[in-house]
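What follows is a single structure, written as structure tokens, with notes after it.
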Amino acid sequence: MANSKKVWQGRFEQGPAAIMEAFSRSVDTDQFMWREDIAVNRAWATALKEAGIYSADELKRVLAALDTIEAEFEQDRFQFLPADEDIHVAIERRLTELAGDAGAKIHTGRSRNDQVVTDFRLYLRRKGARWLQALIDLQAQLVALAEQHRHVVLPGYTHLQQAQPLALAHVLLAYFWGIHPTLERLRDFYPRLNRLPLGSGALAGAGFPIDRQRLAEQLGFDDVTPNSIEATANRDFAAEFLFIVAGFYTFLSRVCAEWQLWSSQEFRFIDFSDAFATGSSMMPQKKNPDAMELIRGKAAVAIAALQQMLILQKGLPLSYQRDLQEDKPLTFRIIQELRPATELFREAVATARFHPEAMAARIDDVLYATDLADFLVSRGVPFREAHAIVGQLVRESERRGVPLSRLPLTVYRQHSPHFDASVFEMFEPQASLARRNVEGGTGPQAVEQQLEKARNVLQEYRSYRWIAKGSQGRRGFRARKK
Ligand code: ARG
């Protein structure tokens, strides 16, 4: 038997078996929430004073002890004991060592069930704000790259087959708009995340007159959770966060695949900087786009985490169940890699070299097949018929081994009398783009419009409350302590 003293030991004749104690410990993971737990303790102590539990002197002693504990964590000298099941117990134990009875009163009206979920929401708030900042930087980078590559043309693909010419800026902006919903979702999610569960107690609500609105204000929450059972039982906010992350990675993984292809010898559209590539332990010539592959690999981990979070909750009766302790390890792993992955991607694309000549050289005449059909349409031929005529011309060029633009006009006219010499003006990349100034298209004016939109959106991001509020992080919590 382990013979450490537990916070819940009263009704037990003996302590937990060593294996039970070890198995139930979560402190290795939840200690990352020490800042949040201290902030929550400060706010709770103040609420207990207002509820008449603490005297002014006790409150002072508790706040001073919390300052000491904070310094111990900051200087990496906080000592965990074997009986410290989780971060909440560890901090309460230390608080009691430092402040005596005042420390032993801190858990009045409170449960780890409302405490853990409050810490968790605060933690997601702090980390989410930083990720949002990294996302904004990434979006700004994509806009800057698009601005720099306005006049570069490359082949566009569907089914990985050459399809139509594209402006590189348009492709880069496709990445911007693909990431955009992640930022929109974070903004929408914030008010749902930012509700205070504290005061819910174990499941029924605190048994003391706690002013939860005051608590919420003190901890920078917008509102309080409306139901103590739901507040302690539910991890929907964590699942929602993981969905946002999984959606982000899923899109990014496709961009990574594209850039991996682009960096291959077959494409040579880009070269990654040496700083963001790796070599082979065996093949001396290799320069591998590992950054793209590693980030793409994280998509699998993030999607799995979302599933884990949903499965963890599926079928659990309300309210709190200990199963829920698994919520943090799976979320924390994702969070710890999130900002680095976002920054790595940004830096890898920012430092990559584009090869516009290689892109231009890859533009095959077949990319203009749609333009040729459109040419016939402009001369009154029904599109379906025009499609068939150009299809036959493509076949003819393949049969002769001659590119479309080199087929003699006589051959064109054999297939349709509507062709004349001006058909050869179709084989010009900028002209092809210029025909696609439809809003959202790859034409130069459309891309300018799109850039303008992206810049405006970027400006809007910067005023998102999550960023603007600035109540997160160590400084935020410290500013609030009094
Ligand atoms: N370490 C626990 C968790 O992460 C805290 C809540 C424990 N509550 C309880 N009644 N055992 O979920």
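We count ligands from 1, going down the list as the structure has it; atoms in each ligand are counted the same way.
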**Study point:** NZ/NE/NH1/NH2 to OD/OE distance under 4.0 Å, Arg61 and Asp57
**Key:** yes
Check your understanding: Salt-bridged, Asp327 to Arg235, with N to O below 4.0 Å?
Key -> yes
Give the table of side-chain donor-acceptor pairs shorter than 3.5 Å for residues 90-100, with sequence neighbours excluded, one pair per line with atom names and distance.
| unit_1 | atom_1 | unit_2 | atom_2 | d |
| --- | --- | --- | --- | --- |
| Arg93 | NE | Asp84 | OD1 | 3.1 |
| Arg93 | NH1 | Glu97 | OE1 | 3.4 |
| Arg93 | NH1 | Glu97 | OE2 | 2.9 |
| Arg93 | NH2 | Gln79 | O | 2.9 |
| Arg93 | NH2 | Asp84 | OD2 | 2.6 |
| Arg94 | NE | Glu72 | OE1 | 3.0 |
| Arg94 | NE | Glu72 | OE2 | 3.3 |
| Arg94 | NH1 | Glu97 | OE1 | 2.7 |
| Arg94 | NH2 | Glu72 | OE2 | 2.7 |
| Thr96 | OG1 | Glu92 | O | 2.8 |

Which atom pairs, donor and acceptor, lie under 3.5 Å between side-chain atoms of residues 336-347 and protein residues at least two apart or in another chain?
| unit_1 | atom_1 | unit_2 | atom_2 | d |
| --- | --- | --- | --- | --- |
| Glu337 | OE2 | Lys298 | NZ | 3.2 |
| Thr342 | OG1 | Trp131 | NE1 | 3.0 |
| Thr342 | OG1 | Leu338 | O | 2.8 |

Review point. Charged N to carboxylate O under 4.0 angstrom, Glu85 versus Arg112?
Key: yes
Practice item. Could I get the full list of salt bridge (Lys or Arg N to Asp or Glu O under 4.0 Å) partners for Lys105, not counting sequence neighbours? Key: Glu58
Please produce the table of protein N or O atoms sitting under 3.5 Å from N or O atoms belonging to ligand 1, one pair a line, distance to 0.1 Å.
| unit_1 | atom_1 | unit_2 | atom_2 | d |
| --- | --- | --- | --- | --- |
| ligand 1 | 1 (N) | Ser26 | OG | 3.3 |
| ligand 1 | 1 (N) | Asp86 | OD2 | 3.0 |
| ligand 1 | 1 (N) | Gln325 | OE1 | 2.9 |
| ligand 1 | 4 (O) | Lys328 | NZ | 2.7 |
| ligand 1 | 8 (N) | Asn113 | OD1 | 3.1 |
| ligand 1 | 10 (N) | Asn113 | OD1 | 3.4 |
| ligand 1 | 12 (O) | Tyr320 | OH | 2.4 |

